[in-house]
Amino acid sequence: MCGIIGIVGKSSVNQSLYDGLTMLQHRGQDAAGIVTCEGNRLYLRKDNGLVRDVFHTRHMINLRGNMGIGHVRYPTAGCSTIAEAQPFYVNSPFGITLAHNGNLTNTTAIEETLFNEDLRHINTDSDSEVLLNTFAHELLQVAKVPLSPENVFSAVRGVHRRCRGGYAVVAMITGYGIVAFRDPFGIRPLVFGKRETESGTEYIVASESVVMNVLGFELVRDVAPGEAVFITKEGELFTAQCAENPQYSPCIFEYVYMARPDSIIDKISVYKARMRMGEALAKKILRLYPDHNIDVVIPIPDTSRTAALELANVLDVKYREGFVKNRYIPRTFIMPGQSMRKKSVRQKLNAIGLEFKDKNVLLVDDSIVRGTTSKQIIQMAREVGAKNVFFAAASPPVRYPNVYGIDMPSVHELLAHNRTDQQIAEEIGADWLVYQDIEDLIACAKRGNPEIQNFDTSCFTGNYVTGDVDEEYLNRIEKHRSDAAKTERAKEAAVLEIHNAT
């Protein structure tokens with residue numbers, strides 16, 4: 001999960017790109033980057049850290065030009081080094097920079113072809129660099145001077161033929177414009193918009209619509225699965241379907257957890273979808289526990305608030321804020337490494353004792369992934385005097401890895417894998433536990449846009465929409481992307497950094 005943005009404006013875009021990335025900060029807190037274009041020159045700034053820490057006044061002044069792209073990152077593959085911060089750059093043809101949200105599932109095969117046949121070198125473990133070189137090679141086969149929109153769309157068609165997985169991409173072609181495209185299943189989100197100025201029309205592409213609301217752009221629509229949008233530096237907009245057989249299958253976890261509630265993705269309000277999740281979950285609780293003795297419903301901030309409030313309304317039970325969140329601690333789910341996640345939970349949340357003391361408390365969260373946060377929060381509730389602690393998750397059990405850009409790589413790191421609901425409740429210390437049913441979750445999302453017949457629910461069902469994920473592949477990514485593997489690579493990177501410094 002990362003956040004991407006691209007703007008073609010009539011004046012300097014550096015501030016708008018910066019502001020847009022702050023609106024996408026929830027999608028990645030590991031690294032941030034912006035590259036702008038003025039004439040035939042590129043200006044790049046990227047580094048590890050939050051947007052506010054990466055970009056200072058001296059950097060912003062140097063980011064010159066009326067078009068540019070940006071990225072916020074958290075690592076699903078590779079490691080947390082500056083070398084893998086985005087955007088990436090390749091000089092041929094024309095000079096292309098690219099930022100990417102998602103994960104390719106056939107990275108190894110593409111790398112071999114790029115090296116052996118296309119004669120291109122990949123210098124990192126990031127599949128975003130693989131995507132960039134694939135696009136660059138495909139564009140080189142058809143590119144002419146001047147570059148036409150059809151040349152760009154032909155290159156995107158080549159990317160779709162070669163690449164598998166979930167990907168939303170924004171790329172800038174030096175001196176020509178910005179192209180954005182989405183995988184043929186539309187797994188990862190991508191929207192575009194426009195705003196009118198005295199100098200003409202400006203265009204934007206971004207991971208979520210909230211960026212457009214804040215920056216004063218009008219949301220035009222979602223980029224369709226397999227579609228490409230090309231905006232010339234002069235501000236002309238071209239679109240084309242570039243996939244042979246596109247199938248709408250957006251990631252349902254965006255509505256559960258990833259996206260901001262004030263975003264609209266694939267015509268579905270994230271806020272409304274979460275309200276419906278709370279309603280459906282409450283109805284299930286009433287079926288299972290018609291004589292429940294819940295005194296208070298308390299959300300685990302922040303993403304579960306919307307569902308928890310609607311759940312409390314349906315149950316006719318008090319809703320209270322029982323935890324105060326330290327907003328300067330990153331989201332624990334997207335922290336690399338289990339030890340960091342464990343350490344940060346109590347730093348991130350503090351319980352308000354009077355809301356728990358001598359009460360039967362129902363805690364509501366959007367999901368349970370590794371269970372680290374859930375277990376510690378239940379323990380905190382008991383420590384401040386809760387009589388009983390019940391737990392409800394607005395989504396089904398996460399039993400399978402997500403391979404399309406969410407950090408759920410190792411099946412053995414997932415709490416629900418090979419465990420019953422009762423075993424999970426015992427593991428996290430809850431008196432009872434209720435999960436959302438998968439059918440209800442799909443209905444909650446689908447109600448916002450009945451045109452979507454299918455969602456990627458692979459982390460709940462094990463059914464991977466791209467059709468190319470097998471046991472061998474899952475075993476391979478587990479070895480490469482588990483917490484243990486990331487910890488080892490982090491140690492190696494630290495040793496190398498010390499060596500270079502000395």
Side-chain angles (χ1 to χ4, degrees), residues 2-25 27-28 30-73 78 81-101 123-124 126-136 139 147 152 155 167-181 190 192 202-207 211 215 229-233 235:
C2 299
I4 60 176
I5 185 174
I7 300 176
V8 176
K10 298 299 181 181
S11 59
S12 181
V13 297
N14 56 352
Q15 188 64 51
S16 291
L17 289 168
Y18 175 94
D19 293 341
L21 287 183
T22 63
M23 294 299 104
L24 297 173
Q25 188 75 86
R27 301 188 68 87
D30 179 66
I34 292 175
V35 60
T36 58
C37 181
E38 183 180 59
N40 290 316
R41 286 294 181 100
L42 296 176
Y43 300 91
L44 171 67
R45 167 62 181 170
K46 62 179 181 177
D47 202 351
N48 288 338
L50 301 176
V51 174
R52 68 181 182 220
D53 299 324
V54 170
F55 302 102
H56 301 151
T57 302
R58 64 184 184 276
H59 304 127
M60 296 297 290
I61 291 173
N62 193 50
L63 291 171
R64 303 195 289 269
N66 294 357
M67 68 176 181
I69 64 175
H71 185 265
V72 287
R73 174 184 188 266
T81 67
I82 181 60
E84 296 193 1
Q86 297 183 40
F88 282 111
Y89 168 77
V90 67
N91 72 338
S92 176
F94 305 112
I96 304 173
T97 55
L98 178 144
H100 158 230
N101 173 32
N123 200 50
T124 70
S126 173
D127 55 354
S128 302
E129 189 184 10
V130 171
L131 250 173
L132 169 60
N133 277 273
T134 302
F135 176 70
L139 188 60
L147 185 68
V152 175
Y167 51 91
V169 174
V170 59
M172 183 165 61
I173 306 171
T174 306
Y176 284 98
I178 286 177
V179 58
F181 55 92
L190 189 64
F192 73 97
E202 299 180 322
Y203 287 96
I204 184 173
V205 293
S207 294
V211 176
L215 297 182
V229 174
F230 180 56
I231 308 157
T232 69
K233 65 177 182 179

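Please read these numbers as outputs of a predicted model, since none were measured by experiment.
Judged as a ring pair (Phe, Tyr, Trp, His ring centres under 6.0 Å), and not counting sequence neighbours, the contacts of Tyr167 are His160. Residues passing the ring pair (Phe, Tyr, Trp, His ring centres under 6.0 Å) test with Phe55, sequence neighbours excluded: none. When the side-chain hydrogen bond (donor to acceptor under 3.5 Å, both in side chains) test is applied to Thr174, no partner is found at least two apart in sequence or on another chain. Contacts of Asn123 classified as side-chain hydrogen bond (donor to acceptor under 3.5 Å, both in side chains), with partners at least two apart in sequence or in another chain: His121. In this structure, Tyr43 has no ring pair (Phe, Tyr, Trp, His ring centres under 6.0 Å) partners at least two apart in sequence or on a different chain. Residues meeting the side-chain contact (heavy atoms from CB on, under 4.5 Å) test with Asn14, sequence neighbours left out: Ser12, Met60, Leu63.
Within the model, atoms OG1 of Thr36 and CG of Leu42 stand 7.5 Å from one another, a figure rounded to the nearest 0.5 Å. Note that the CG atom of Asp127 and the NE2 atom of His100 stand 5.0 Å from one another [nearest 0.5 Å]. Distance check: Asp30 CG to Leu50 CG gives 10.0 Å after rounding to the nearest 0.5 Å. Distance check: Met67 CE to Ile7 CD1 gives 12.5 Å after rounding to the nearest 0.5 Å. For the atom pair CD1 (Ile5) and CG (Leu215), the distance works out to 6.0 Å, reported to the nearest 0.5 Å. Taking CD1 of Ile82 as the start and CG of Asp47 as the end, the distance is 4.0 Å to the nearest 0.5 Å.
Glu38 places no side-chain N or O within donor-acceptor distance of the main-chain N or O of Arg64, the cut-off being under 3.5 Å. Remark: the backbone N or O of Ile4 is paired with a side-chain donor or acceptor of Ser207 at under 3.5 angstrom. The backbone N or O of Phe88 lies less than 3.5 Å from no partner atom in the side chain of Glu129, so there is not a single donor-acceptor pair. Formation of a donor-acceptor pair under 3.5 Å by the Lys46 side chain with backbone atoms of Gln86 is not found in this model. In this structure a side-chain-to-backbone donor-acceptor pair under 3.5 Å is missing from Arg45 to His56.
Of the residues listed (Val211, Ile178, Ile231), the one engaging Ile204 in a side chain to side chain contact (heavy atoms under 4.5 Å, CB included) is Val211, and it is the only one.
Residues Leu190 and Val229 are not in side-chain contact: their nearest non-hydrogen atoms beyond the backbone lie 4.5 Å or more apart. Put simply, the side chain of Arg52 does not reach to within 4.5 Å of the side chain of Gln25, judged on heavy atoms. Counting heavy atoms from C-beta outward, Leu147 and Phe94 have side chains that approach closer than 4.5 Å.
Nearest heavy-atom pair across Ala136 and Pro93 is O-CD, 3.3 Å. Taking all atoms of both residues into account, the shortest heavy-atom contact from Pro87 to Gly33 is CD-C, 3.7 Å. For the pair Val13 and Asn66, the tightest heavy-atom approach, listed with the atom from each and the gap, is CG1-O, 3.2 Å. Here the closest heavy-atom approach between residue Cys37 and residue Met172 is recorded as CB-SD, 3.7 Å. Taking both residues in full, the closest heavy atoms of Val179 and Phe230 are given as CB-CD1, 4.0 Å, listed atom of the first, atom of the second, then distance. Here the closest non-hydrogen pair linking Ile96 and Ala171 is CG2-CB, 4.3 Å.
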| Audit row: Leu21, Val54, side-chain contact (heavy atoms from CB on, under 4.5 Å) steps and yes/no | CA-CA 11 Å; Leu21 287 183; Val54 170; over 6 Å; no

